[in-house]
Peer 1: 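Structure in structure tokens, see below.
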Amino acid sequence: MLIRIGNIADHVGESVKLGVWLYNKRSSGKIQFLQLRDGTGFIQGVLVKSQVAPEVWERAKELTQESSLYVQGTVRRDERAPSGYELDVEDIEIIQIADEYPIALKKHGVDFLMDHRHLWIRSPRQRSILKIRAEIIRAIQEWLDGQGFTLVDPPVLTPSACEGTTTLFSTDYFDEEAYLTQSGQLYMEAAAMALGRVYSFGPTFRAEKSKTRRHLTEFWMVEPEMAFTEHDESLRIQEQLVSHVVQHVLESCQEELKAIDRDITPLERVKPPFPRITYDEAVELLNREGMPFEWGEDFGAPHETKIAESFEKPVFITHYPAKVKAFYMKPDPSRPEVVLCADLIAPEGYGEIIGGSQRIDDPKLLEQRFAEHQLPRDAYEWYLDLRRYGTVPHSGFGLGLERTVAWICGLDHVRETIPFPRMMNRLYP
RNA sequence: UCCUCCGUAGCUCAAUGGUAGAGCGCCCGGCUGUUAACCGGUAGGUUGCAGGUUCGAGUCCUGCCGGAGGAGCCA
């Protein structure tokens with residue numbers, strides 16, 4: 001039976017068999033060091049010429065980078081090894097001698113690495129990031145499930161835009177045009193009226209010609225939607241969710257965070273409550289900090305970074321002007337020119353990771369908004385129905401997974417947070 | 001869509017308008033504790049494409065193609 005490197009500590013002193021790839025090899029005339037990986041970890045295999053069969057020694061010499069093999073050896077504790085363990089190799093069964101591997105253990109350019117993304121993800125750094133991504137997903141679902149949320153899957157193919165502003169990917173749907181979803185939110189509002197507290201987790205598509213470190217054309221969002229929930233309670237849920245995710249990663253991904261060299265001190269501070277400032281206060285802050293900004297505009301990336309610099313934790317910016325936000329957001333009853341919404345801005349310049357709001361529950365007002373935004377009413381009759389048949393106060397938000405992963409991992413681009421990123425100039429591999 | 005920058009060996013990069021080079025990788029040889037090992041050697045080129053200026057262009061000019069960073073928009 002094969003043992004996995006991740007469990008190697010349980011087999012000290014035993015002779016075990018591993019299925020591995022050769023990550024790297026160093027050799028002298030009479031000793032060879034094989035850097036082996038199996039997806040769960042790395043371990044160094046040691047062969048001393050005088051202590052192994054001649055044919056095993058020769059097989060080890062043949063191995064090239066990323067060759068696949070079964071290796072039999074005895075596990076030994078060794079203080080010199082980065083992982084604390086080494087394998088004294090006794091036998092080698094070659095599965096394949098790999099062709100010359102394109103990715104050297106040296107610096108490469110972004111374009112070259114992206115062209116070889118299918119191989120790049122084997123590297124320790126990329127492997128660690130994908131592992132952290134998986135733990136972030138686990139933490140999100142674990143927390144929401146524990147709070148009584150039900151997972152509901154909205155459609156990916158949709159008949160028309162949810163918000164109508166951004167560019168959509170279109171596709172043939174028999175005799176009509178369909179679009180890939182840019183948000184499941186409206187469907188999740190329907191689901192919340194059926195199940196109370198719900199969330200979706202899935203891919204989202206935006207055909208925007210954005211070329212920045214924060215943009216992908218295909219990315220994953222978590223979109224909770226909550227019936228009988230007002231804006232303030234939604235913010236409390238958001239800060240608890242984000243804090244749980246960060247603390248879970250700190251506990252369960254210590255090795256990976258170390259492997260990618262993430263400074264975890266800013267992450268350790270991420271606990272509720274998060275600071276809240278209004279849009280008005282944010283505008284004041286920007287002007288005070290020497291970044292002139294006019295009330296009524298929407299913030300750009302440099303503004304978000306400047307605001308975030310004033311806080312040690314993620315910060316909520318609330319009560320934006322209605323005209324810069326989506327049509328479905330509920331106006332503040334005491335001040336109808338602003339809406340009950342909040343963007344959560346991550347620290348360290350990572351920008352917006354959550355956008356959320358309380359939704360309009362009054363059917364008359366929602367119809368008025370449809371008219372103001374010149375939205376096709378017939379396509380949204382079903383959405384208006386939600387307000388006609390037992391409307392309730394409800395709120396929801398969308399959390400961008402890749403931006404959250406980039407922030408927690410401390411990456412300078414979201415393209416490393418997803419196995420196969422889709423961007424304006426990238427559809428391969 | 002706009003702004004800025006970059007395209008030279010498999011990879012990362014040098015080369016004042018004057019003989020296209022280095023390091024790494026591959027291959028060969030050496031080395032009994034290597035950590036991106038090290039040491040010696042071999043091979044490796046239509047300088048992104050098309051024009052132009054010049055005695056002479058990797059280098060200067062124009063256009064195109066590809067890429068990167070940013071803006072707008074958003075998560």
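Basis for what follows: all heavy atoms, side chains included, without hydrogens, waters or symmetry-related copies. Labels below follow one simple rule: chain letters A, B, ... track the order of the sequence lines, proteins then strands, and each chain is numbered from 1.
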Peer 1: Looking at B:G33, does its base get a donor-acceptor pair with the side chain of A:Gln32 below 3.5 Å?
Peer 2: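 No such pair is found, so the answer is no.
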
Peer 1: For B:A15 and B:C6, measure between their P atoms and round to the nearest Å.
Peer 2: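 Straight-line distance between the two P atoms is 13 Å.
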
Peer 1: A:Glu304 side chain: which of B:C74, B:U34, B:A71 is closest?
Peer 2: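 The answer is B:C74.
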
Peer 1: Could you tell me how far B:C11 sits from B:C49 if I compare only their P atoms? Round to whole Å.
Peer 2: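 The answer is 15 Å between these two P atoms.
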
Peer 1: Which word best sums up how the rings of A:Tyr279 and A:Trp295 line up, parallel for under 30°, tilted for 30 to 60°, or perpendicular for over 60°?
Peer 2: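 Taking A:Trp295 first and then A:Tyr279, their aromatic rings stand perpendicular (interplane angle over 60°).
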
Peer 1: Could you tell me how far apart A:Leu168 (CG) and B:C74 (C1') are, to the nearest whole angstrom?
Peer 2: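 Interatomic distance, CG of A:Leu168 to C1' of B:C74: 13 Å.
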
Peer 1: When rounded to the nearest Å, what value does the distance between C1' atoms of B:C13 and B:G7 take?
Peer 2: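 These two C1' atoms come out 13 Å apart once rounded.
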
Peer 1: When you measure from the side chain of A:Lys25 to the backbone N and O of A:Leu63, does any donor-acceptor pair fall under 3.5 Å?
Peer 2: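 The answer is yes, because a donor-acceptor pair under 3.5 Å joins these two groups.
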
Peer 1: Nearest to the side chain of A:Val48, which nucleotide is it out of B:U12, B:C74, B:U32?
Peer 2: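 The closest nucleotide is B:U32.
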
Peer 1: Heavy atoms only, 4.0 Å cut-off, all strands: where does A:Thr204 land among base, sugar-phosphate and nothing?
Peer 2: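 No contact.
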
Peer 1: Just compare B:U32, B:A71, B:C74 and give me whichever is closest to any side-chain atom of A:Pro302.
Peer 2: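 Closest of the options to the side chain of A:Pro302: B:A71.
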
Peer 1: Which label fits A:His118 and A:His116: parallel for a plane angle under 30°, tilted from 30 to 60°, or perpendicular past 60°?
Peer 2: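 Ring orientation, 0 to 90° scale: parallel.
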
Peer 1: If you find the nucleotide of RNA chain B closest to A:Gln65 and the one closest to A:Gln44, which residue's nucleotide is nearer the 5' end?
Peer 2: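 Of the two residues, A:Gln65 wins.
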
Peer 1: What's A:Gly109 touching, base or sugar-phosphate or nothing? Going by heavy atoms closer than 4.0 Å.
Peer 2: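 Sugar-phosphate, no base atom in range.
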
Peer 1: Please report the distance separating the P of B:C73 from the corresponding atom of B:A68, rounded so that it comes out in whole Å.
Peer 2: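 That atom pair is separated by 23 Å.
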
Peer 1: Where does RNA chain B pair, written as one dot-bracket string 5' to 3', with Watson-Crick or G-U pairs under 3.5 Å, ( ) inside the strand, [ ] for crossing pairs and | for another strand?
Peer 2: (((((((..((((....[..))))..((((.......))))......(((((..]....))))))))))))....

Peer 1: If the C1' atom of B:A50 is compared with that of B:U46, how far apart are they to the nearest Å?
Peer 2: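 Looking at atom C1' only, B:A50 and B:U46 are 14 Å apart.
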
Peer 1: Contact class for A:Phe112 vs. all strands (heavy atom < 4.0 Å): base, sugar-phosphate, or nothing?
Peer 2: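 The residue A:Phe112 makes sugar-phosphate contact but no base contact.
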
Peer 1: Please pick, from B:G25, B:C73, B:G33, the nucleotide with the shortest atom-to-atom distance to any side-chain atom of A:Glu100.
Peer 2: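 So the side chain of A:Glu100 is nearest to B:G25.
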
Peer 1: Would you classify A:Ile354 as touching base, sugar-phosphate or nothing, given that sugar-phosphate means primed atoms plus P, OP1 and OP2, and contacts are heavy atoms under 4.0 Å?
Peer 2: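 Sugar-phosphate contact only.
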
Peer 1: Can you pull every protein N or O that's under 3.5 Å from an N or O on nucleotides 4-7 of chain B?
Peer 2:
none

Peer 1: What I want to check is whether the side chains of A:Glu100 and A:Thr64 have a donor and an acceptor closer together than 3.5 Å.
Peer 2: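 Absent: no donor and acceptor within the cut-off.
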
Peer 1: Specify the separation, in whole Å, of atom CG of A:Leu34 and atom P of B:G33.
Peer 2: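 In whole Å, B:G33 P and A:Leu34 CG are 16 Å from each other.
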
Peer 1: What is the distance, rounded to the nearest whole Å, between atom CZ of A:Phe205 and atom P of B:A75?
Peer 2: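 Rounded to the whole Å, the gap is 16 Å.
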
Peer 1: So which protein N/O to nucleotides 65-68 of chain B N/O distances come out below 3.5 Å?
Peer 2:
residue	atom	partner	partner atom	Å
B:G67	OP1	A:Asn425	O	3.4
B:A68	N7	A:Lys211	NZ	3.2

Peer 1: Using a cut-off of 4.0 Å on non-hydrogen atoms, how would the nucleic acid contact of A:Glu86 be classed: base, sugar-phosphate, or nothing?
Peer 2: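 Answer is base: heavy atoms of A:Glu86 come under 4.0 Å of a base.
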
Peer 1: Report yes or no: is there a donor-acceptor pair, N or O only, under 3.5 Å between the side chain of A:Arg403 and the base of B:C74?
Peer 2: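 Indeed, a donor on one side and an acceptor on the other fall under 3.5 Å apart.
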
Peer 1: Centroid separation under 6.0 Å, is that true for the rings of A:Phe299 and A:Tyr320?
Peer 2: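 Centroid distance A:Tyr320-A:Phe299: below 6.0 Å, so yes.
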
Peer 1: Nearest 0.5 Å, what's the CG-CD distance between A:Leu47 and A:Glu90?
Peer 2: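 A:Leu47 CG to A:Glu90 CD: 10.0 Å, rounded to 0.5 Å.
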
Peer 1: With hydrogens left out and only the distance checked, is there a donor-acceptor pair under 3.5 Å joining A:Ser210's side chain and the base of B:G72?
Peer 2: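 Side chain to base: pair found, below 3.5 Å.
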
Peer 1: Tell me whether the side-chain N/O atoms of A:Arg214 come closer than 4.0 Å to OP1 or OP2 in B:A71.
Peer 2: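 For B:A71, OP1 or OP2 has a side-chain N or O of A:Arg214 closer than 4.0 Å.
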
Peer 1: Once the angle between the rings of A:Phe293 and A:His303 is folded into 0 to 90°, is it parallel (under 30°), tilted (30 to 60°) or perpendicular (over 60°)?
Peer 2: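 A:Phe293 and A:His303: perpendicular rings.
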
Peer 1: Rounded to whole angstroms, how far apart are NZ on A:Lys25 and P on B:C27?
Peer 2: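 For the pair A:Lys25 NZ and B:C27 P, the rounded distance is 8 Å.
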
Peer 1: Using modelled atom types and a 3.5 Å cut-off, is there a donor and acceptor pairing between side-chain atoms of A:Arg214 and backbone atoms of A:Tyr350?
Peer 2: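 No, the answer is negative, given that no donor and acceptor are paired below the 3.5 Å cut-off.
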
Peer 1: Using the C1' atoms only, state how far B:G29 lies from B:G18, rounded to an integer number of Å.
Peer 2: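 39 Å, rounded to whole Å.
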
Peer 1: Roughly how many Å is it from CD1 in A:Ile31 to C1' in B:U32, rounded to a whole number?
Peer 2: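 In whole Å, B:U32 C1' and A:Ile31 CD1 are 5 Å from each other.
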
Peer 1: Mark this stacking check for A:Phe33 against B:G33 as yes or no, applying ring centres under 5.5 Å and ring planes under 30°.
Peer 2: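 Whether judged by distance or by angle, A:Phe33 falls short somewhere, so it does not stack on the base of B:G33.
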
Peer 1: Please state how far atom CD in A:Gln185 lies from atom C1' in B:C74, giving the value in whole angstrom units.
Peer 2: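 My rounded result for the distance is 14 Å.
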
Peer 1: From NZ of A:Lys107 over to P of B:U12, roughly how many Å is that when rounded to an integer?
Peer 2: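 Distance check: A:Lys107 NZ to B:U12 P gives 9 Å.
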
Peer 1: Can you check side-chain contact (heavy atoms from CB on, under 4.5 Å) on A:Thr318 and A:His231, steps first, answer last?
Peer 2: CA-CA 10 Å; A:Thr318 68; A:His231 182 240; 4.3 Å; yes

Peer 1: Across the strands shown, which category fits A:Ser27 at heavy-atom distances under 4.0 angstrom: base, sugar-phosphate, nothing?
Peer 2: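 Result for A:Ser27 = base.
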
Peer 1: Calculate, to the nearest 0.5 Å, the distance between atoms OH and CZ belonging to A:Tyr383 and A:Phe370 respectively.
Peer 2: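 CZ of A:Phe370 is found 7.0 Å from OH of A:Tyr383.
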
Peer 1: Between B:A43 and B:G25, how far apart are the C1' atoms? Round to whole Å, please.
Peer 2: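 So the two C1' atoms sit 13 Å from each other.
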
Peer 1: Going by the angle between their ring planes, with limits at 30° and 60°, are A:Phe316 and A:Phe274 parallel, tilted or perpendicular?
Peer 2: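 Judged by the thresholds at 30° and 60°, the geometry between A:Phe316 and A:Phe274 is tilted.
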
Peer 1: Determine the Euclidean distance between corresponding C1' atoms of B:A57 and B:G52; express it in Å to zero decimal places.
Peer 2: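 About 11 Å, rounded to a whole number of Å.
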
Peer 1: Check for me whether the distance between the ring centres of A:Tyr187 and A:Trp382 falls short of 6.0 Å.
Peer 2: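 Yes: the rings meet the under 6.0 Å criterion.
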
Peer 1: Within this structure, what is the OG-CG distance for the pair A:Ser128 and A:Asp261, rounded to the nearest 0.5 Å?
Peer 2: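 One gets 11.0 Å once the value is rounded to the nearest 0.5 Å.
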
Peer 1: Remember a base hit wins even if backbone is also touched, and classify A:Ala301 as base, sugar-phosphate or nothing at under 4.0 Å, heavy atoms.
Peer 2: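 It contacts sugar-phosphate atoms only.
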
Peer 1: Quick one: are A:Ile345 and A:Phe311 in side-chain contact, heavy atoms under 4.5 Å?
Peer 2: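 Counting from C-beta outward, A:Ile345 and A:Phe311 never come under 4.5 Å.
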
Peer 1: When you match A:Gly300 and A:Lys30 each to their closest nucleotide on RNA chain B, which lands nearer the 5' end?
Peer 2: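 Its nearest nucleotide lies further toward 5', so the answer is A:Lys30.
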
Peer 1: Going by the angle between their ring planes, with limits at 30° and 60°, are A:Trp143 and A:His244 parallel, tilted or perpendicular?
Peer 2: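 Ring orientation of A:Trp143 relative to A:His244: tilted.
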
Peer 1: In this structure, how many angstroms lie between the P atom of B:C73 and the NE2 atom of A:His215, rounded?
Peer 2: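 Result: 10 Å.
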
Peer 1: Is there a donor and acceptor pair closer than 3.5 Å between the side chain of A:His108 and the base of B:C11?
Peer 2: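 No, the side chain and the base share no sub-3.5 Å donor-acceptor pair.
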
